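Count residues from 1 along the sequence. Since we're looking at a predicted model, the values are computed, not measured.
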Amino acid sequence: MPLIPEEAIPYLENMIYLPMVLTILEKDRMIFERGPFKLKRPYVAMVEGATKHVQSELKKTHIYMKRHSMKVLRGEGDDMFTEYVFFHGGYEEHRRYLNVRLRNRVEELLAMYLAIVENAH
């Protein structure tokens with residue numbers, strides 16, 4: 001039986017993925033601002049809108065985790081895997097994520113947040 005409840009896993013994983021999504025959005029915003037685009041504002045606005053959604057989700061995740069005494073730390077990593085340590089209710093669980101899986105999930109989330117902004121307009 002797992003020591004960390006199943007409903008806590010998405011919040012713990014948000015603490016892995018959402019900061020990565022924010023990093024990518026920030027880098028992309030810089031590229032749009034500095035790049036040779038004729039009309040930069042629509043691109044920058046889309047990235048900034050997605051950033052706001054991600055930040056809001058991350059804030060909700062932080063609140064949930066604080067209320068439930070949860071924490072995530074990055075452990076060891078190599079070319080294939082990255083380990084994360086989940087803490088919840090006095091328990092500690094080590095999970096290894098395939099780096100390709102991390103990249104693919106971040107890409108999915110990025111597409112989702114950009115679509116949210118696109119559909120809002």
Engineer: Do the side-chain N and O atoms of Glu83 and Tyr97 include a donor-acceptor pair separated by under 3.5 angstrom?
Structural biologist: no
Engineer: A side-chain contact here means heavy atoms from C-beta on lying under 4.5 Å apart; do Asp79 and Asn99 qualify?
Structural biologist: no
Engineer: Between Tyr17 and Leu110, is any pair of side-chain heavy atoms under 4.5 Å apart?
Structural biologist: no
Engineer: Is there a path of hydrophobic side-chain contacts, each under 4.5 Å between heavy atoms of I, L, V, M, F, W or Y residues, that connects Leu73 with Met70?
Structural biologist: no
Engineer: Salt bridge check, Arg101 against Glu13: does any charged N sit closer than 4.0 Å to a carboxylate O?
Structural biologist: yes
Engineer: Can you find a pair of side-chain heavy atoms, one from Val85 and one from Arg74, that are under 4.5 Å apart?
Structural biologist: no
Engineer: Taking all heavy atoms of Thr61 and all of Tyr11, pick out the closest pair and write down the distance.
Structural biologist: CG2-O, 3.4 Å
Engineer: Set out, in order, the CA-CA distance, both residues' side-chain angles and the distance that settles side-chain contact (heavy atoms from CB on, under 4.5 Å) for Asn14 and Leu58, then state yes or no.
Structural biologist: CA-CA 7 Å; Asn14 272 353; Leu58 194 56; 5.6 Å; no
Engineer: Verify whether one side chain among Glu92 and His94 offers a donor that lies under 3.5 Å from an acceptor in the other.
Structural biologist: yes
Engineer: Measure the shortest side-chain to side-chain distance between Phe32 and Val47 over non-hydrogen atoms and say whether it is less than 4.5 angstrom.
Structural biologist: yes
Engineer: Which pairs pass salt bridge (Lys or Arg N to Asp or Glu O under 4.0 Å) with one or both residues in residues 33-52, sequence neighbours excluded?
Structural biologist: Arg29-Glu33
Engineer: Would you kindly confirm whether Leu98 and Tyr84 end up in one hydrophobic cluster when ILVMFWY residues are joined by side chain heavy atoms under 4.5 Å apart?
Structural biologist: no
Engineer: Please tell me if the side chains of His88 and Pro5 come closer than 4.5 Å, counting only heavy atoms from C-beta onward.
Structural biologist: yes
Engineer: Quick one: do Leu22 and Met112 end up in the same hydrophobic cluster if we chain Ile, Leu, Val, Met, Phe, Trp and Tyr together by side-chain heavy atoms under 4.5 Å apart?
Structural biologist: yes
Engineer: If you round to the nearest 0.5 Å, how far is OG1 of Thr23 from CG of Leu18?
Structural biologist: 11.0 Å
Engineer: Taking NZ, NE, NH1 and NH2 as the nitrogens, is one of them in Glu93 or Arg95 under 4.0 Å from a carboxylate oxygen of the other?
Structural biologist: yes
Engineer: Check whether any side-chain heavy atom of Glu26 lies under 4.5 Å from a side-chain heavy atom of Met30, and answer yes or no.
Structural biologist: yes
Engineer: Answer yes if Phe87 and Met65 sit in the same cluster of Ile, Leu, Val, Met, Phe, Trp and Tyr residues linked by side chain heavy atoms under 4.5 Å apart, and no otherwise.
Structural biologist: no
Engineer: If you round to the nearest 0.5 Å, how far is CG of Leu114 from CG of Leu109?
Structural biologist: 11.0 Å
Engineer: Taking all non-hydrogen atoms of both residues into account, name the closest pair between Pro42 and Leu39 and its distance.
Structural biologist: CD-O, 3.5 Å
Engineer: So for atom CD, which belongs to Glu76, do other residues, nucleotides or ligands contribute more than 12 heavy atoms lying within a distance under 6.0 Å?
Structural biologist: no
Engineer: With a 4.5 Å limit on heavy-atom distance, are the side chains of Glu57 and Tyr113 in contact?
Structural biologist: yes
Engineer: With heavy-atom distances below 4.5 Å as the criterion, would you say the side chains of Met15 and His62 are in contact?
Structural biologist: yes
Engineer: Just checking Tyr43 against Phe37, ring centres under 6.0 Å apart?
Structural biologist: yes
Engineer: Would you say Ile116 and Leu25 are hydrophobically clustered, going by side-chain heavy atoms of ILVMFWY under 4.5 Å?
Structural biologist: yes
Engineer: Over all heavy atoms of both residues, which pair between Val117 and Gly49 is shortest? Give the atoms and the distance, please.
Structural biologist: CG2-C, 3.3 Å
Engineer: Given Tyr64, which of Arg67, Lys60, His68 fulfils the side chain to side chain contact (heavy atoms under 4.5 Å, CB included) condition?
Structural biologist: His68
